[in-house]
Amino acid sequence: MPMATNTKRNLVTAALVAPAAAWLMIFLVLPFIAMLVFAFGERAPEGGYQAAFTFAQFARLPTRAAAFWNTMVLAPVGALVCLLVAYPVAYYLAVKSDPRYRLILVSLVVVPFWTSLLVRTYAWMYILGSRGIPNLLSMIGLEDVRLLNTPGAVLLGIVYGYLPLMIMPIYVSLEKLDRRLLEASADLGARPVSTFFGVTLPLSLPGVMTGVALVTILLLGEYLIPQLLGGGKVFFIGNALVDLFLQSRNWPFGSAIAVTLVAVVVVILMVAMRIAFRVAGTRQVDLV
Amino acid sequence: MTSASTNDIEFRSVAKRYGSVTAVSDINFAVPKGAFMALLGPSGCGKTTCLRMIGGFEQPSEGTVYISGEAMNGVAAYRRPVNMVFQQYALFPHLDVEQNVSYGLRQMRPRISGAEISRRAQEALEMVRLGGFGKRRIHEMSGGQQQRVALARAIVNKPKVLLLDEPLAALDKKLRTAMQIELQTLQRDLGITFVLVTHDQEEALSMSDFVCVMNAGRIVQVGPPQDIYDRPASLFVADFVGKTNRIAATVDTGGASVVFADGTRVAAPVATTPSAGAAMVALRPEAISLKRNGAAGTAALSGIVTHRIFLGSSVEYSVDVDGLGDFLVTADRRALGDGDLVEPGDRVGLAFDPNALHVFPA
Ligand SMILES: Nc1ncnc2c1ncn2[C@@H]1O[C@H](COP(=O)(O)OP(=O)(O)O)[C@@H](O)[C@H]1O
Ligand SMILES: [Mg+2]
């Protein structure tokens, strides 16, 4: 009898996990294996893939160094700027705002998601483009200010687009922060600033780490914002990939770049996690 | 004012309102330096609100709170020379035991040296008998140990006044009794003023030098524990502090005698002259002695025993008194003698000294 229930339970578990597992298998693992194979192959004369075993594609990686550089700098910097902007907003929402209006304010944070990022980024194109802010500046005598197609424009787009994703996890961790801990800190003689750095910030670190990891990882694959706001000047790896796969149809080289990106991300994540665990120590245990 | 030098805490006409809700009003009391005061009252009567106004977490809507004679209006919590043991301890989960205890020391300006900080933290931990636990995480400590950590954290800064909000409520009875004694010892050793909030009358009476009884946002009586128990100022205090029997009655014109609802007439207590008219009389269960029927003619009331609860050193009886209903009577076992245990169903007389009656206007 126990055997039977066990088997049954296992079957139920399997049935529940199966769709997700199949999904991951078909759309993540298999394509990744295909990509690995492609990366060591050659471009067919008419474009696409031709079987071979060569490291030639990896040898050509330096020709896309700019894309790597832009991605590796602007993704973390973008995430950090996002964090600096998001934290005060999340803090205000979770701690300072009137609880009666809190839910409304929090929903306002996600309202931008009702419109596609494409449309919103187009709007920025106009705002930053020659008929937008530069036009206004020229009226007061500042001629030829270029905003669009600069790293700054891409960074602005990144912060604008990803801010809600950073605010949410930080808001959640601040929201469940026990107010009496803040009172206890004040009671023990801590000024508001000391209370913030001694209690509030450490206890919201899980939210901060989640937000930074989420935004950084999503940014590594970003394509739209560099395309629209960076023009041909500031492109990310995502843009290089689109180029290679859809324009020049060089699948093996595209695959080599993609594989390298995945490898770099995995290494960064491992190092980051090791550092995070060392800093946080067993703190994590207490926070769950 | 002379109060500046002798009182650590003083409330003058303090009221606190939350919107249209009045949490407390007309609060006046003073806590002398080095005293142990208990704020006693049922849940929701405003004890925590008063404590939070001392701590600086709430500002009075009216009146002024003084600490060591200084008006505290608008003074932030972190500037006040008081520390608090919070109701659920509010220990910092991301710090270990020693870091929790030394938190207050690290806030001191001018800064004190690291060596001095750990020495004082260790001293505080030893005071609450947690000497070897400094490196433990908070979640690795039992409820009773967390309670001590909270205590150590609050006394490490050597505050003028220690505020305790139901500090023992979460502990089991045995631990609670042990901690009551420890708290008293600690207070004597440190020589600092304690303000203890509790809804447990036994705790308030046993630990404090004087008790401030609150009800519905107001103070109803202030005095030493014995006064509160022996001379309750109102029916509420008589009921809330200890057990009591209530008897509907009328007081004769002149206030010389009291007539119970069943017609029994007894002399009014000599200490007070109650005003004539409808009254409510309170009588402590231990002020009544049971007489076997016919044993003596002194019993004022008579009734039938309905329940007997054996409490070890004493016995508690429920007696259905003719014309007056249920009475609670506590008899000391030694006074009773073994052969004297009265059984349920027995008819008994109830005798008491009229001076034990507390007569309140109805
Ligand atoms: N922040 C608040 N907002 C509104 N009402 C409150 C607040 N704090 C306390 N009260 C009210 O004030 C009264 C006294 O509360 P409290 O001081 O916590 O009582 P106690 O500690 O004696 O149980 C209660 O009726 C409570 O509902
Ligand atoms: Mg309370």
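Keep in mind that what you see is a predicted model, and the values were worked out from it rather than measured. Numbers restart at 1 for each chain; the letters A, B, ... are given by sequence-line order, proteins then strands.
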Participant: Could you look at R153(B) and say if it's the side chain, the backbone, both or neither that has a heavy atom under 4.5 Å from chain A?
Facilitator: both

Participant: Closest approach of Y103(B) and T195(A), non-hydrogen atoms and distance?
Facilitator: OH-CA, 4.1 Å

Participant: Counting only heavy atoms not in L118(A) (residues, nucleotides, ligands), do more than 12 fall under 6.0 Å from its CG?
Facilitator: yes

Participant: Which pairs would a plain distance check flag for residues 87-95 of chain A, meaning a side-chain donor or acceptor within less than 3.5 Å of a matching protein atom at least two apart in sequence or in another chain?
Facilitator:
unit_1: Y87(A); atom_1: OH; unit_2: S204(A); atom_2: OG; d: 2.5

Participant: Show the nearest heavy-atom pair for residues S194(A) and R109(B), with the distance to one decimal.
Facilitator: OG-NH2, 4.4 Å

Participant: Is P202(A) close to F92(B) at the side-chain level, that is, under 4.5 Å between some pair of heavy atoms?
Facilitator: no

Participant: Need one label for N157(B): side chain, backbone, both or neither, based on atoms under 4.5 Å from any heavy atom in chain A.
Facilitator: side chain

Participant: Considering all heavy atoms of both residues, which atom of Y78(B) and which atom of R191(A) are nearest to each other, and what is their separation?
Facilitator: CE1-CG, 3.5 Å

Participant: Quick one: are L181(A) and F86(B) in side-chain contact, heavy atoms under 4.5 Å?
Facilitator: no

Participant: If you draw a 6.0 Å radius around CZ in R79(B), do more than 12 non-hydrogen atoms from other residues or ligands fall strictly inside?
Facilitator: no

Participant: Please say whether more than 12 non-hydrogen atoms of neighbouring residues, nucleotides or ligands are located less than 6.0 Å from OH in Y101(A).
Facilitator: no

Participant: Could you report the tightest heavy-atom contact between A90(B) and A184(A), atom names first, then the distance?
Facilitator: O-CB, 3.8 Å

Participant: CZ of R17(B): more than 12 outside heavy atoms within 6.0 angstrom?
Facilitator: yes

Participant: Going from CG on D187(A) to CD on Q107(B), what distance comes out if it is rounded to the nearest 0.5 angstrom?
Facilitator: 11.5 Å

Participant: Given that the side chain runs from C-beta out, which part of L91(B) has a heavy atom under 4.5 Å from chain A: side chain, backbone, both or neither?
Facilitator: backbone

